[in-house]
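Take a look at the structure set out below.
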There are 2 protein chains.
Amino acid sequence: MTNKLNLNNLTKSEEDYLKAIFQLLIEDASVKVGNNQLADYLKVSPASTNNMIKKLKAKGYVVSEKYGKLDLTEGGKSVAVRLIRKHRLWETFLCNYLNFTWDEVHDVAEQLEHIKSRKLIDELDRFMDFPKKDPHGEMIPNANGEYSIVPKITLSSLSEGDVCQLVAVNDGSVHFLKYVSEIGLALSSEIKILEVREFDKSIRIKFDNTIETVTRKFADNVFVNKVV
Amino acid sequence: MTNKLNLNNLTKSEEDYLKAIFQLLIEDASVKVGNNQLADYLKVSPASTNNMIKKLKAKGYVVSEKYGKLDLTEGGKSVAVRLIRKHRLWETFLCNYLNFTWDEVHDVAEQLEHIKSRKLIDELDRFMDFPKKDPHGEMIPNANGEYSIVPKITLSSLSEGDVCQLVAVNDGSVHFLKYVSEIGLALSSEIKILEVREFDKSIRIKFDNTIETVTRKFADNVFVNKVV
DNA sequence: TTAATTTGTTAGTCATAGCTAACTTTTTTA
DNA sequence: TAAAAAAGTTAGCTATGACTAACAAATTAA
Ligand SMILES: [Mn+2]
Ligand SMILES: [Mn+2]
Ligand SMILES: [Mn+2]
Ligand SMILES: [Mn+2]
């Protein structure tokens, strides 16, 4: 009885909250996750998150002290990772087999990730021959919930003269993803930082013989691997 | 403004109720659908169905008089048929691409049918090259909600000496479907009625050089096309 | 180190979708 | 045709997961 596993007794909402906390925890490992921050992220009121957090603490997925920050138990992390696995496998399926573009997949995957069937997702994984990355460049956890963290930084953190490779993009905004495609950037694109303008932090970049200027906000959503 | 289409504003429950009414209406076209019958079918209380029916009437999907029987409007039928299309396409996908057996698909399809994305289901249809029937032999409505009703009767309605072909099976029970496979019956099997026993209505049948006795209850769930 | 601001909590409300128990209407049977 | 049974309705309750408004604690700034 080492692991009381509560097999799949979670509602869609409970799952989404656990996933959100997980995303916020890995997004910036140094800063702990607060209640209002979570409310912001999920676009619900702080009262709602407070309420749900109580429930998730009672069920043993979340730990926190009163007026303190949030953390996930191993069980909570496990639920979140399984949800992320499902989300990313579905996104991959939609892109690679059903003619979806990378900006169309996220919203549908938000629904599909809540389908409860272990066999479904493991067979989908096998059907696609165990893909390692989703359409936005993010890693896909395997059936045991194991995953490799690819070292990545934002494009905005680089300096003039740096050269990097685009490894992933934030998939939250349809407009952003369309914009990335439109200017000709794609996963694996090699990008050189020509100039970082002090005035508004906009960045002149060069890739595939194209020169573009992108905003700080844009560069915050592009994840890269520094090459030079 | 001929068709006020209320694009997808329905909850999972509302969708399930409309589908259930539709199924009951086609199951036996002669008998109108009652509130308690619907409650039975959905395994909820008559109070619950009564409540939901009110809502669906207010939204223009159901028609009925007080203390009277239920019927669907064109809008209600359209929702039901779209749901059935999704359900059967997903069942087909699970069987043909993800190694599910025909007794494993129904419960997962019950979840998948509620995913809201027109593109998803039409692309899934295209991906499978527009299948006409699901794994249980039931027709799949096309993207316009059109479908052909295959004439079918239950095996239990036949008499000694009749010969028929198995065209579909009721997919509601996992035990039943496993049983069908185990005795060697499959879609398209040619079945001859050797004897109908008066005592308990059990039926001796022959197919593929196999002779079996099946109960009335079993035969009620097997749909056939009379050949001789 | 006090005051302002931010963050977190609580109380009370609403909608959805179940339930039971009691009641009314309709249908069937005697 | 009157009584019994079945079918349908209503009232009132529960749980989930949102919300607002009011309040308390913790943090930051003055
Ligand atoms: Mn996504
Ligand atoms: Mn989700
Ligand atoms: Mn089915
Ligand atoms: Mn369903």
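- Picking from D/dT16, C/dG8, C/dA17 the nucleotide with the shortest atom distance to the side chain of B/Ser13 gives C/dA17.
- Listed nucleotides: D/dT9, D/dT16, C/dT9. Nearest to the side chain of A/Lys55: D/dT16.
- For A/Glu65 and C/dT7, the CD to C1' distance is 16 Å, given to the nearest whole Å.
- Under 4.0 Å is where a charged nitrogen must lie from a carboxylate oxygen, and between A/Arg88 and A/Glu91 no such pair does.
- Computed from coordinates, the B/Leu56 CG to C/dT16 P distance equals 12 Å when rounded to whole Å.
- Within a 6.0 Å radius of CD in B/Glu198, no more than 12 heavy atoms belonging to other residues, nucleotides or ligands are found.
- Between A/Asp71 and A/Lys57 there is no salt bridge, since none of the side-chain N atoms of the basic residue sits less than 4.0 Å from a carboxylate O of the acidic one.
- Remark: C1' of D/dG17 and NZ of A/Lys12 are 12 Å apart, rounded to the nearest angstrom.
- Contact check, B/Asn36 against D/dG8: a side-chain N or O comes under 4.0 Å of OP1 or OP2.
- Listed pair B/Lys54 / D/dT10 meets the phosphate criterion, a side-chain N or O lying under 4.0 Å from OP1 or OP2.
- We find that CD of A/Glu15 is positioned 15 Å from C1' of D/dG17, with the value rounded to whole Å.
- Whole-Å rounding puts the B/Asn51 CG to D/dT14 C1' distance at 14 Å.
- Remark: A/Asn50 is in phosphate contact with C/dT9, judged by side-chain N or O atoms under 4.0 Å from OP1 or OP2.
- Contact check, B/Lys69 against D/dA7: no side-chain N or O comes under 4.0 Å of OP1 or OP2.
- Here D/dG17 is the nucleotide among D/dG17, D/dC19, C/dT10 with the atom lying nearest to any side-chain atom of A/Thr11.
- B/Asn9 has its CG atom 17 Å from the P atom of C/dA15, to the nearest Å.
- Checked against D/dG17, C/dG8, C/dC19, the side chain of B/Val44 finds its nearest nucleotide in C/dC19.
- Side-chain proximity of A/Ser45 to the nucleotides D/dT10, C/dT10, D/dC19 is greatest for D/dC19.
- Between B/Phe93 and B/Tyr97, the ring planes lie parallel to each other; the angle is under 30°, not in the 30° to 60° tilted range.
- In this entry the distance linking OH of A/Tyr17 with P of D/dG17 reads 9 Å, nearest Å.
- Across all their heavy atoms, B/Trp102 and B/Val169 have their closest contact at CZ3-CG2, 3.7 Å.
- Of the two residues contacting DNA chain D, namely A/Tyr67 and A/Lys43, the nearest-nucleotide position lying further toward the 5' end is that of A/Lys43.
- Taking every side-chain heavy atom of A/Ala47 into account, D/dT20 is the closest of D/dT10, C/dG8, D/dT20.
- Going from atom CG of A/Asp40 over to atom P of D/dA18 covers 15 Å, rounded to whole Å.
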